[in-house]
Amino acid sequence: MSVGIVLISHSHELVEGLRKILHQIQPEVEIAIAGGTEENEIGTSAIKIKQAIEKADSESGVAVLFDLGSALLNAQLAVELLETNTKVAFCDAPLVEGAYTAVIEAGIGSSLEEVVKAAESVKEVPKLL
Amino acid sequence: MSVGIVLISHSHELVEGLRKILHQIQPEVEIAIAGGTEENEIGTSAIKIKQAIEKADSESGVAVLFDLGSALLNAQLAVELLETNTKVAFCDAPLVEGAYTAVIEAGIGSSLEEVVKAAESVKEVPKLL
Amino acid sequence: MNQQNMKDWLILANERIQEQKDYLSELDRAIGDGDHGVNMARGFQEVSNKLATQEFTDIGAMLQQVAMTLIGKVGGASGPLYGTAFLKASTALKGKGECTNIDLANALNEALKGIKLRGKAEIGEKTMVDVWEPVVSKWLDNPEAGMDELIEFTHECMVETKAMEAKKGRAAYLGKRSIGTFDPGAVSSELLFSSLFTVLKGAAS
Amino acid sequence: MNQQNMKDWLILANERIQEQKDYLSELDRAIGDGDHGVNMARGFQEVSNKLATQEFTDIGAMLQQVAMTLIGKVGGASGPLYGTAFLKASTALKGKGECTNIDLANALNEALKGIKLRGKAEIGEKTMVDVWEPVVSKWLDNPEAGMDELIEFTHECMVETKAMEAKKGRAAYLGKRSIGTFDPGAVSSELLFSSLFTVLKGAAS
Ligand SMILES: Nc1ncnc2c1ncn2[C@@H]1O[C@H](COP(=O)(O)OP(=O)(O)O)[C@@H](O)[C@H]1O
Ligand SMILES: Nc1ncnc2c1ncn2[C@@H]1O[C@H](COP(=O)(O)OP(=O)(O)O)[C@@H](O)[C@H]1O
Ligand SMILES: [Mg+2]
Ligand SMILES: [Mg+2]
Ligand SMILES: [Mg+2]
Ligand SMILES: [Mg+2]
């Protein structure tokens, strides 16, 4: 099974939209989202993130991408709250651009390490031609 | 007037959510979005982008952030279609993280060049602590 | 080529695109995001509708309407690329009620320049440029070339994209894995050019 | 401190947070995203509701419920930080029906370690740590310190964050421009500690 992807944002809509873009490119990769607080207000929720990780969980592990620093705090807490021993890796990568590359990489059956590396490498790719 | 910000994405929801996050941080900066095709399907539209640039237009100029390469093609076309001589600058920056920094920078009255530089500098900031 | 021929071209192109819609998307699914057929079908259907209902002062004006429609409707990278192409062609043919094949080849050469300026792609990067550039060059070099020969040549150019590695557009993310499929934009460009040559063949006979 | 004292503490803390909700958000508006008051008010109201309706076997279990509620409800960076703090404190007080001030100071020291581990902030970086670390240290060093003295000291620690430049959290994006405002999390931490010391003072008398 391919690596699962978890997308975390302070906005539910943001990751909902991002998931739709990614699903169009690669419908076979499991993408779970955790956007906004429990009430879908601006913020993040460790509980939602934990559920998203559980949802995206696969034997190959889960690559996590997030928008802003405070999401990371909740994401790290979420991992501590996990009851399973899922392999979880955080990507030091921009949320949208990193997720795009991560999903393509996961889609070809790469390992968690390769998916994270692919996501992180986008920082070096110029966006302007 | 502060620099305006235009956010372009293949998904309408994505930039709608992003705008809400940014508005919470800095309600005074003009943020215009152009997400999805004219039918709000996945894609981008030069017409929508043109309208967003016109909306965010200020004497201080407009900083444009986008998600993926094909959005850039439409954005550059949009600039060519503009009838005004708005100062428009594209940011070689991740959409979400760059927009966050751009909005803060615009909010303190920085110039277009400074806003673009701030947005582009986020690539060097590690996201993991 | 007069206004009617131009209309015939674009209407035929739309029919072929509608027929090949699923095929174009399937190709794009392999090396892109799977929407090229949907994008092109949406854009050219609207072009066809506009041509059926509107009158134009000249072929330049007609092509400008085509450009704006594609820009507004296509959605993907191919939208601003084909849009820019038709915009440049319309400028080249501005005010003309009809044009010679040489005028048209020149206008398409302007269109090609527009595509290259917009997308920064060069030949060999597995994009629509791999059809546009050789086909337009060949026609410019030899304006008397037979239409069947041009159709044949266009097809060969498209086929050559299969062995290429994508360097531009979404497919570039795949690196070497992009090798082995026709480029979707090269295929849709073939449909455009072969429709054009088919119509010109009919117009000449 | 028994279960009732602990409940009184958290209920008093919630009241103060509700009172200061707009002030906390205003501070956060200056150097963050303006939601700290809303975040804290939402989280602590829910804590207060849970405490009003639920029974707990011991103070550790009560604090665990507080932690999970804050984790679920706060939303901002302060959620996982305070959540982790109460989680660590709850572990330290697990199974205890009541505790001494020294037990509590030790539990809060564990909580502080949790905050620092979670947020990677050190003292002087303009965060809640600038209240937590000196206050807990002072109490641990001198468990017999008077409650009024501790309240006074807590306030001073909070005030010192005004001159600091933020190095962690959202305010860090502002660099030097973050100087000149109290840190919102330091203010909410003051509310928590001063509520605690107020309740302990009442419990002792
Ligand atoms: N930079 C570029 N220059 C030239 N052609 C390009 C470029 N980027 C993409 N294309 C063409 O566009 C086609 C894809 O179009 P489409 O699927 O409609 O857009 P998208 O990739 O945005 O989904 C590709 O097959 C290629 O021929
Ligand atoms: N890394 C960190 N370590 C310690 N405290 C932090 C950290 N990041 C933020 N804080 C605290 O959290 C407060 C902001 O909380 P809040 O506004 O609720 O979250 P957010 O910044 O996500 O909106 C800050 O004032 C600061 O005291
Ligand atoms: Mg496509
Ligand atoms: Mg597309
Ligand atoms: Mg805040
Ligand atoms: Mg917040």
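Below, chains carry the letters A, B, ... as their sequence lines are ordered, and counting in each starts from 1.
- Both the backbone and the side chain of B:Ile21 come within less than 4.5 Å of a heavy atom of chain A.
- At a threshold of 4.5 Å between non-hydrogen side-chain atoms, the residues A:Phe66 and B:Leu128 count as touching.
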Problem set entry | A:Val115/A:Ile5 under side chain to side chain contact (heavy atoms under 4.5 Å, CB included): CA gap, chis, key distance, verdict | CA-CA 9 Å; A:Val115 170; A:Ile5 310 285; 4.1 Å; yes

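- The parts of A:Leu95 that come within reach of chain B are both its backbone and its side chain, each placing non-hydrogen atoms under 4.5 angstrom from that chain.
- With rounding to the nearest 0.5 Å, the separation of CD1 in B:Ile53 from CD1 in B:Ile8 is 6.0 Å.
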Chain A to chain B donor-acceptor contacts, backbone plus side chain, under 3.5 Å:
residue	atom	partner	partner atom	Å
A:Glu13	OE1	B:Lys20	NZ	2.6
A:Lys20	NZ	B:Glu13	OE1	2.6
A:Phe66	O	B:Lys127	NZ	2.4
A:Asp67	O	B:Lys127	NZ	3.2
A:Asp92	OD1	B:Lys127	N	2.8
A:Ala93	O	B:Lys127	NZ	3.3
A:Leu95	N	B:Glu97	OE2	2.7
A:Glu97	OE2	B:Leu95	N	2.7
A:Lys127	N	B:Asp92	OD1	2.8
A:Lys127	NZ	B:Phe66	O	2.4
A:Lys127	NZ	B:Asp67	O	3.2
A:Lys127	NZ	B:Ala93	O	3.3

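- Considering only heavy atoms from C-beta on, A:Leu22 comes within 4.5 Å of A:Leu7 through its side chain.
- Taken to the nearest 0.5 Å, the CD1 atom of B:Ile49 stands 10.0 Å off from the CG atom of B:Leu81.
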For this session: Kindly determine whether B:Val88 and B:Leu82 satisfy side chain to side chain contact (heavy atoms under 4.5 Å, CB included), including the steps that lead there.
Result: CA-CA 10 Å; B:Val88 181; B:Leu82 278 180; 4.0 Å; yes

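- Closest approach of A:Pro94 and B:Pro94 over heavy atoms only: CB-CB, 3.3 Å.
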